[in-house]
Number of protein chains: 2
Amino acid sequence: MPVTIYDVAKAAGVGISTVSRVLNENSNVREETRHRVLEAIEALGYKPNILARNLSRSHVQTVGVVLSYLTSPFQVTVLQGIERFLAQAGLDLTIFSMESPKRQETLLENLSHGRRCDGLIVISFTPQERFLQRFQRYHIPVVIADFRDERIPSVFVDNVEGGYLATKHLLGLGHRKIGYILDHTEPPNGSGGNEPGADRQRGYQQALLEAGIPFDPRLVAESGLHSRQRGAAAAEVLLNRGELLTAIFAASDMIALGVMEYARKKGLRIPDDLAVVGFDDIELASFAGLTTVRQPMQEMGRQAAEIVTWLMQGEKVLRTSCQLPVELVVRDSCGALALLERR
Amino acid sequence: MPVTIYDVAKAAGVGISTVSRVLNENSNVREETRHRVLEAIEALGYKPNILARNLSRSHVQTVGVVLSYLTSPFQVTVLQGIERFLAQAGLDLTIFSMESPKRQETLLENLSHGRRCDGLIVISFTPQERFLQRFQRYHIPVVIADFRDERIPSVFVDNVEGGYLATKHLLGLGHRKIGYILDHTEPPNGSGGNEPGADRQRGYQQALLEAGIPFDPRLVAESGLHSRQRGAAAAEVLLNRGELLTAIFAASDMIALGVMEYARKKGLRIPDDLAVVGFDDIELASFAGLTTVRQPMQEMGRQAAEIVTWLMQGEKVLRTSCQLPVELVVRDSCGALALLERR
DNA sequence: ATCCTTTTTGAAAGCGCTTTCACAGAGCTG
DNA sequence: CAGCTCTGTGAAAGCGCTTTCAAAAAGGAT
């Protein structure tokens with residue numbers, strides 16, 4: 001029923017290899033022949049069968065994105081950047097959501113076997129070595145977004161700088177007791193690489209150091225996840241340790257939002273009683289008036305997608321990793337604006 | 001280099017058809033033979049080549065989801081529901097984001113030709129008839145989420161009821177001048193089906209009618225998109241038409257958030273000066289304390305995915321469409337809680 | 001043991017492309 | 001005009017599975 005390359009060949013009075021040649025813009029086809037074939041294609045409304053082509057070329061024209069949570073605004077925004085680029089490049093995008101460290105294993109296990117995609121972008125973590133090796137054996141390039149790993153092409157921001165900027169800002173407003181909430185220091189499945197949360201803490205500590213304030217581990221808490229609930233819980237812990245914090249720097253906007261909610265519940269006014277700064281600059285941040293460190297999330301995705309497509313074409317990519325800039329976005333969760341206006 | 005079915009067959013001393021049979025759990029293989037084959041598979045670390053299998057079976061084990069914006073929290077949440085179900089069913093999910101009515105055409109054009117997916121879920125709109133026909137010819141089932149279309153299996157909520165509930169709530173709090181902001185009455189490419197925004201308006205008007213309040217078209221505005229910016233702009237229009245609104249019902253939470261922002265900018269207090277109710281109950285709504293009509297977004301996705309997989313297996317689905325319940329979630333953007341507490 | 005069913009099994013034919021390889025012609029050279 | 005190199009083209013061989021079809025093996029009944 002469906003029209004195949006044979007039908008076209010017959011209609012044009014040529015062999016199938018010739019049809020294939022014009023299909024693939026392969027040179028060495030006489031202009032007149034090419035024309036005849038094109039006409040036959042048009043007349044029959046022929047569309048090459050992708051499955052057959054895939055088998056023959058042994059690729060799938062698809063790149064996979066593996067992320068932990070489709071609930072994470074950060075990851076979804078990176079995904080957006082990836083999607084835009086890929087769509088334009090004519091590649092399909094299939095998503096793999098892990099949701100738990102356990103599912104991550106089985107997912108990568110499956111993924112690294114059959115050729116379900118020609119390239120892979122993983123967001124916010126590093127696959128274990130054995131998976132990386134397997135991908136390499138299959139010639140499936142993988143690039144990481146939002147995570148720095150020397151072994152693999154990765155695109156990321158300078159998280160130390162980000163943490164530094166945030167803390168510096170708070171310091172500049174006169175805060176001295178500044179808490180820090182991160183997601184976690186170690187990844188759930190310990191596979192190496194630089195944890196963004198830990199890097200941001202480095203920046204935080206560095207700023208503190210420069211200001212001559214000794215680092216106090218009691219001012220740091222882990223939320224585990226980037227969620228409002230966990231953020232609120234961590235804030236509760238931190239705020240009830242007996243230290244009198246005047247500000248909290250959170251490793252992500254979601255955590256920061258949780259902090260704000262907890263503060264609101266406790267009757268603490270922001271920024272008067274507690275200053276808060278987040279990280280990421282997700283859409284919600286602007287609604288909430290949250291001062292934050294902006295990462296170019298879409299651009300991160302775009303770059304990752306671009307690199308992976310290069311790699312897929314077998315090109316040696318020299319600039320194997322790529323660092324994007326961060327930027328402090330001042331809104332009103334720290335009173336900075338109010339302060340300025342008062343002058 | 002990679003091990004094929006032939007290698008396994010040779011190793012097990014059987015024909016490839018037998019290997020294929022054990023692979024596909026096809027009965028009629030003697031227990032002993034099956035065992036031998038399984039052992040060979042194990043020993044060689046054989047994994048069937050998906051591409052070959054796909055060509056042979058002419059399917060791709062993938063369902064496509066086409067949505068308009070990856071930026072829409074609503075759509076992403078539906079996507080989540082889809083993803084969860086599909087992952088569990090062992091199907092891949094590839095996403096197609098349209099971003100504009102024009103891209104929608106070309107996207108569906110491509111999609112409806114080659115077999116890039118075995119089934120399709122489209123969110124929040126109806127493809128034009130010609131595409132539907134093409135999909136039908138290729139036996140690619142399509143189901144719609146968040147949109148009701150008699151021609152195709154669809155899962156949706158009772159939007160009229162939702163609009164009614166929201167308005168009734170406002171009415172119950174004593175509001176008489178209630179504005180309504182919807183996205184649009186007609187879809188950008190006019191392909192039929194029931195626009196949710198229009199349905200919600202019906203519910204709004206019905207509630208008004210029951211309360212004996214004449215419908216005033218000057219209290220209705222269109223935002224065009226479900227975004228905060230557009231919502232704020234629409235609120236501005238509405239609030240400056242000279243009618244003294246005390247409440248606004250928005251066709252989505254994003255729009256409602258925009259309304260809140262505009263109000264905040266204008267120094268209107270919520271809920272004291274202006275009550276706002278939204279629709280969807282996206283995560284942001286709870287942060288913002290927005291009273292809203294909740295749709296089971298994830299569940300919507302799940303159902304759509306379930307239906308499409310049935311259809312893919314060639315099963316005749318009787319319950320071709322499915323309506324999910326809505327529910328009013330009262331928070332504090334209408335003063336309802338405050339009112340209750342005062343009693 | 002013989003004949004007739006059932007199971008099991010392997011050879012071979014697809015699935016619809018891409019790609020290799022060899023062969024016509026065409027175009028040059030000497 | 002023989003000899004050679006190119007260019008354009010088709011036949012055929014994959015790609016690695018699934019699936020048909022017919023034959024072989026295994027049971028059962030007599």
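Just so we're on the same page: letters track the sequence lines, and every chain starts at 1. Predicted, not measured: the structure shown is a model, and the values here were computed from it.
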* Asked: At under 4.0 Å between heavy atoms, what does B/G114 touch on the DNA or RNA strands: base, sugar-phosphate, or nothing?
  -> nothing

* Going through the distances and angles, do A/T94 and B/D92 end up as a side-chain hydrogen bond (donor to acceptor under 3.5 Å, both in side chains)? -> CA-CA 7 Å; A/T94 117; B/D92 279 355; 4.6 Å; no

* Asked: Quick one: which of A/E306, A/Q298, A/Q80 gives a side chain to side chain contact (heavy atoms under 4.5 Å, CB included) with A/F85?
  -> A/E306

* Please state whether the phosphate of D/dG10, meaning OP1 or OP2, lies under 4.0 angstrom from any side-chain nitrogen or oxygen of A/T18. => yes

* Which atom of B/Q303 lies closest to which atom of B/C322, heavy atoms considered -> OE1-SG, 3.7 Å

Only pairs under 3.5 Å count here: list side-chain donor-acceptor contacts from residues 51-65 of chain A, not counting sequence neighbours, and write none if there are none.
{"from": "A/R57", "atom 1": "NH1", "to": "A/N24", "atom 2": "OD1", "distance (Å)": "3.0"}
{"from": "A/T62", "atom 1": "OG1", "to": "A/V60", "atom 2": "O", "distance (Å)": "3.0"}

* **Listed once per pair and sorted, the side chain to side chain donor-acceptor pair (under 3.5 Å) pairs that draw on residues 63-72 of chain A, sequence neighbours left out** => A/S68-A/Q75

* Asked: Is the shortest distance from a Lys or Arg side-chain nitrogen in B/R84 or B/E299 to a carboxylate oxygen in the other one below 4.0 Å?
  -> no

For a quick test of your reading: what N or O donor-acceptor pairs under 3.5 Å do the side chains of residues 9-18 of chain A make, sequence neighbours left out?
none

* Is the CD atom of A/Q136 crowded by more than 12 outside heavy atoms at less than 6.0 Å? -> no

Look for any protein N or O under 3.5 Å of an N or O in nucleotides 16-22 of chain C and output each such pair with its distance, or none.
{"from": "C/dC17", "atom 1": "OP1", "to": "A/Y46", "atom 2": "OH", "distance (Å)": "2.8"}
{"from": "C/dC17", "atom 1": "OP1", "to": "A/N49", "atom 2": "N", "distance (Å)": "2.9"}
{"from": "C/dC17", "atom 1": "OP2", "to": "A/I5", "atom 2": "N", "distance (Å)": "2.6"}
{"from": "C/dC17", "atom 1": "O5'", "to": "A/Y46", "atom 2": "OH", "distance (Å)": "3.1"}
{"from": "C/dC17", "atom 1": "O2", "to": "A/S56", "atom 2": "OG", "distance (Å)": "3.1"}
{"from": "C/dT18", "atom 1": "OP1", "to": "A/N24", "atom 2": "OD1", "distance (Å)": "3.3"}
{"from": "C/dT18", "atom 1": "OP1", "to": "A/N24", "atom 2": "ND2", "distance (Å)": "3.3"}
{"from": "C/dT18", "atom 1": "OP1", "to": "A/R53", "atom 2": "NE", "distance (Å)": "2.9"}
{"from": "C/dT18", "atom 1": "OP1", "to": "A/R53", "atom 2": "NH2", "distance (Å)": "3.2"}
{"from": "C/dT18", "atom 1": "OP2", "to": "A/S20", "atom 2": "OG", "distance (Å)": "2.7"}
{"from": "C/dT18", "atom 1": "OP2", "to": "A/N24", "atom 2": "ND2", "distance (Å)": "3.4"}
{"from": "C/dT18", "atom 1": "O4'", "to": "A/S56", "atom 2": "OG", "distance (Å)": "2.6"}

* Looking at A/S58, does any N or O in its side chain come under 4.0 Å of the phosphate oxygens OP1/OP2 on D/dC15? -> no

* Closest heavy-atom contact between A/L108 and A/F125? -> CD1-CE1, 4.2 Å

* Asked: Would B/E105 and B/R130 pass as an ion pair if we require N to O under 4.0 Å?
  -> yes

* How many Å lie between CZ on B/R115 and P on C/dC15, as a whole number? -> 16 Å

* To do: Please report how far the helix from C/dA1-D/dT30 to C/dG30-D/dC1 bends, comparing the axis fitted to its first five pairs with the axis fitted to its last five, to the nearest 10 degrees.
  => 40°

Tabulate protein N/O versus nucleotide N/O from nucleotides 4-8 of chain D, keeping only pairs under 3.5 Å, one per line.
none

* Full working for side-chain hydrogen bond (donor to acceptor under 3.5 Å, both in side chains) between A/S154 and A/D149 -> CA-CA 6 Å; A/S154 14; A/D149 191 317; over 6 Å; no

* Structure fact -> Between CG of A/N54 and C1' of C/dC15 the distance, given in whole Å, is 13 Å

